[in-house]
Amino acid sequence: MKTSAIPGFSKLSLEEKIKIIKDFANLNSDDLNLIKKYQELPDFLELENNIGPFKIATNFLVNDKDYFVPMEIEEPSVVAAASRGAKLVRSGGGFNGKYLDSKMIGQLQILDVEDFEESRKNIVKKKSEILEIANANKKIVELGGGAKDLEVREINTEKGKNLILHLIVDTLDAMGANIVNTMLEEITPFVVELTKGKPCLRIISNFADKRIVSVECKVPIQKLGIKNYTGEEVASGILNACALAKADIYRTATHNKGVMNGIDSVALATGNDWRAIEAGVHSYAARNGYLPVTDWWKEGEYLRGKIEIPMAIATIGGATNSKKARLALKILRVKSAKELGILTASVGLANNLAALSVLGTEGIQKGHMKLHKEFIKLSQNQ
Ligand code: MEV
């Protein structure tokens, strides 16, 4: 059985770590040469599981599969925190995640529409023709993806009423911006004919509320104990932190930033558009007033946690084709963008758990700053 839970992993030598990851992910000599090249760069620091192109978080068990997680981030304590959060969750059986839906939305803005009801009726009547135009000559359709549906919306703007057509596209393993934007441009002339309006924007929406991933976990409360604090005390700190994050935007922003520490690092390592993911998560968090994207609560002997966020992440296309990203995806052994999305959201939840468990008790400065100081010392010695 392959496992990413290796006691004392961060204390091993660089060679020992690479050997474990090589065996875990069946890395070949090209992969090892690429890793070596990054180690030869002048700013390479051997700190917190940094193997060269990225740092590695351990202990992740998600939907019963083990992962070493490549994370690209300057701050080593974020990686240590992810591993610590994952270790706690592992003691409760690991993360369980699923995609609630997996589609992206493209927006076509039509101005100066005279008769909205007539235009809406025309669009609905010609829906299959519009989808046919969008799907024409698209390889993704053969694979089961492509434009699946559309919605017509009426939006009052400060410059008058707009007709907004949403094209709903299953982008499978791609992030989707390219394909969605192309489809929108291709359907525009026909939609203009149907509405007799004037086309304006044709662009993907990063509010990806049809590409939601949901991950849950549970941790035995007694396992949460740290140094001078019992598990119950740590759990109580976490619950108070969540309560404040729900009540005060000054805290919500920081709570969600801690979640994004993990998510952005995986997105960067795998060549994904982390700004799109950030935009998606924060807009989703703000859909009913800005709220935390995770929640923790007590249930019997356990502290349970949940994250629900849009996850427009890809395993094909764009910068995911770079050598470094291919290596990260190989180490992850992910088979699809859905699997990567569930894993990435789990990393965000792990980082959140690790942060809240110390914030409400001993504070972050001890652990966080210890690594940070080491990082500064090593970089100054270069
Ligand atoms: C720091 O990068 C992240 C934290 O501020 C997150 C949080 O406060 O929950 C520690």
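FYI, side chains are in, hydrogens and waters are out, and symmetry mates aren't considered; it's all heavy atoms of this structure. All ligand and atom numbering here is 1-based and tracks the order in the structure.
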Just heavy atoms, cut-off under 4.0 Å: does [X] contact ligand 1 by side chain, backbone, both, or neither?
X    : value
M260 : neither
N261 : side chain
E75  : neither

Measure centre to centre between the rings of F68 and F24, then say whether the value is under 6.0 Å.
yes

Scan the side chains in residues 123-132 for donor-acceptor partners under 3.5 Å anywhere in the protein, sequence neighbours excluded, and list what turns up.
| unit_1 | atom_1 | unit_2 | atom_2 | d |
| --- | --- | --- | --- | --- |
| K127 | NZ | D149 | OD1 | 2.8 |

If I apply the N/O under 3.5 Å rule, does N352 come out as touching ligand 1?
no

Matching residue for L167 among E151, K148, M183, K103 - test: side chain to side chain contact (heavy atoms under 4.5 Å, CB included)
M183

Quick one: which of K306, R304, K218 gives a salt bridge (charged side-chain N to carboxylate O under 4.0 Å, His left out) with E299?
R304

Could you tabulate the donor-acceptor pairs under 3.5 Å formed by side-chain atoms of residues 107-116, not counting sequence neighbours?
| unit_1 | atom_1 | unit_2 | atom_2 | d |
| --- | --- | --- | --- | --- |
| Q107 | NE2 | H166 | NE2 | 3.0 |
| Q109 | OE1 | L201 | N | 3.3 |
| Q109 | NE2 | N162 | OD1 | 2.7 |
| D115 | OD1 | E117 | N | 3.3 |
| D115 | OD1 | E118 | N | 3.1 |

Indicate the ring-plane relationship of F60 and F95, choosing parallel, tilted or perpendicular according to the 30° and 60° boundaries.
parallel

Distance under 4.0 Å to a non-hydrogen atom of [X]: what atoms of ligand 1 satisfy this?
X    : answer
K257 : 1 (C), 2 (O)
T254 : 5 (O), 6 (C), 7 (C), 8 (O), 9 (O)
L359 : 7 (C), 8 (O), 9 (O)

